[in-house]
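Just so you know, these numbers use all the heavy atoms, side chains as well, and skip hydrogens, waters and symmetry mates. Lettering follows sequence order; numbering is per chain, from 1.
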There are 2 protein chains.
Amino acid sequence: METSHTGDELARILATLANPHRMRVIAALAHGRNYVSALARELGISRPLLQLHLAKLEAAGLVTAAFELSADGKAMKYYDTVPFAVTLTPQSIALAARTLTTEEGNN
Amino acid sequence: METSHTGDELARILATLANPHRMRVIAALAHGRNYVSALARELGISRPLLQLHLAKLEAAGLVTAAFELSADGKAMKYYDTVPFAVTLTPQSIALAARTLTTEEGNN
DNA sequence: TTCACCTGCAAGAAAAAACTAGCATGTGCC
DNA sequence: GGCACATGCTAGTTTTTTCTTGCAGGTGAA
């Protein structure tokens, strides 16, 4: 299920996952999709903060968002996890590092 | 080769790997061990900066350091990669998230 | 209309990470 | 001694990330 990532993509994925709040978001969504207000209550964090983290997770391609109308006509934004599988080894890091574009330093 | 990590350990590993310089350090060391001054020249970064990154890599358990005397009696600090293999999936993240200690928010 | 729920956004404060510059130590060699 | 190489550390700046606060919009139901 995993296309190999560029160095920049991998760096972004790792940076995104390396955050307690975002790990908990992934954990919560792994149990099933949810909309942001309910998720904020479940995790005990403010909604703007959760939206920030969800935006980063979505930017990294780790979750997806979908609008849906609830039974009573409210617009709900549902988030769900994207199935991903990334294996980290010194070799996989070395391979990804070849495609890093981050400024000057090529090795 | 991988003992399962706590949430905090995993977060630290990911945060450590999510940096272009440190990815390049891993890549360089994957080819073979090296000492810090030579490594700094190879990567084209300042030695203090490299030392900072090496310290973080070592703190995360991704590289090891060993002192050695060169032929002409100079003390050299050699670094090498530690073989690691971490697989990231929504499920593995969810599992690790259970052991996060980062303050208040338990889900 | 008012209340309770959903969404979005942005400005500013606070905290953490990255990076630079500089000085210290020691060695062997010319 | 002076030069070239190795190491270590720290103080201060810059940059990035995180988080709060507060406001905007919308819906349906009492």
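Of the side-chain N and O atoms in A:Asn19, none sit less than 4.0 angstrom from OP1 or OP2 of D:dT17. The side chain of A:Tyr35 places no N or O atom within less than 4.0 Å of a non-bridging phosphate oxygen (OP1 or OP2) of C:dT7. In this model, the phosphate group of C:dA17 is not approached by any side-chain N or O of B:Lys56 to a distance below 4.0 Å at OP1 or OP2. For D:dC5, the OP1/OP2 oxygens have no side-chain nitrogen or oxygen of B:Ser37 closer than 4.0 Å. Note on A:His53: every side-chain N or O is 4.0 Å or more away from OP1 and OP2 of D:dT17. In terms of phosphate contacts, B:Gln51 brings no side-chain nitrogen or oxygen within less than 4.0 Å of OP1 or OP2 of D:dC9.
The hydrophobic cluster containing B:Val36 also contains B:Leu43, counting ILVMFWY residues as joined when their side-chain heavy atoms lie under 4.5 angstrom apart, directly or transitively. Linking ILVMFWY side-chain heavy atoms closer than 4.5 Å, directly or via other members, places A:Leu52 and A:Ile45 in a single hydrophobic cluster. One hydrophobic cluster, built from ILVMFWY side chains closer than 4.5 Å, cannot hold both A:Val25 and A:Tyr78; they sit in different ones. Both A:Leu100 and A:Leu88 are members of a single hydrophobic cluster when ILVMFWY side chains are connected at heavy-atom separations under 4.5 Å. Hydrophobic cluster membership differs between B:Leu10 and B:Leu95, with clusters built from Ile, Leu, Val, Met, Phe, Trp and Tyr side chains linked at under 4.5 angstrom.
Between A:Leu52 and B:Arg41, the residue anchored nearer the 5' end of DNA chain D, judged by the nucleotide with its closest heavy atom, is B:Arg41.
Taking atom CZ on B:Arg24 and atom C1' on C:dA18, their separation rounds to 14 Å, with Å as the unit. Between B:Leu49 atom CG and C:dA17 atom P the separation is 15 Å, expressed in whole Å.
Residues passing the ring pair (Phe, Tyr, Trp, His ring centres under 6.0 Å) test with B:Tyr79, sequence neighbours excluded: none. Applying the side-chain hydrogen bond (donor to acceptor under 3.5 Å, both in side chains) criterion to B:Asn19, with sequence neighbours excluded, gives no partner residue.
Checking D:dG8, D:dC19, C:dT20 against every side-chain atom of B:Ser46, the shortest atom distance belongs to C:dT20.
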What string of B, S and - do you get for nucleotides 25-30 of chain D, 5' to 3', if B is base contact, S is sugar-phosphate-only contact and - is no contact with any protein heavy atom under 4.0 Å?
-BBS--
Got a list of side-chain donor-acceptor pairs under 3.5 Å for residues 54-67 of chain A, not counting sequence neighbours?
none

Pairing of DNA chain D as dot-bracket, 5' to 3': ( ) intra-strand, [ ] crossing, | other strand, . unpaired, with Watson-Crick or G-U pairs under 3.5 Å?
||||||||||||||||||||||||||||||
Look for any protein N or O under 3.5 Å of an N or O in nucleotides 21-23 of chain C and output each such pair with its distance, or none.
none

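Atom CZ of B:Arg33 is surrounded by more than 12 heavy atoms from other residues, nucleotides or ligands within 6.0 Å.
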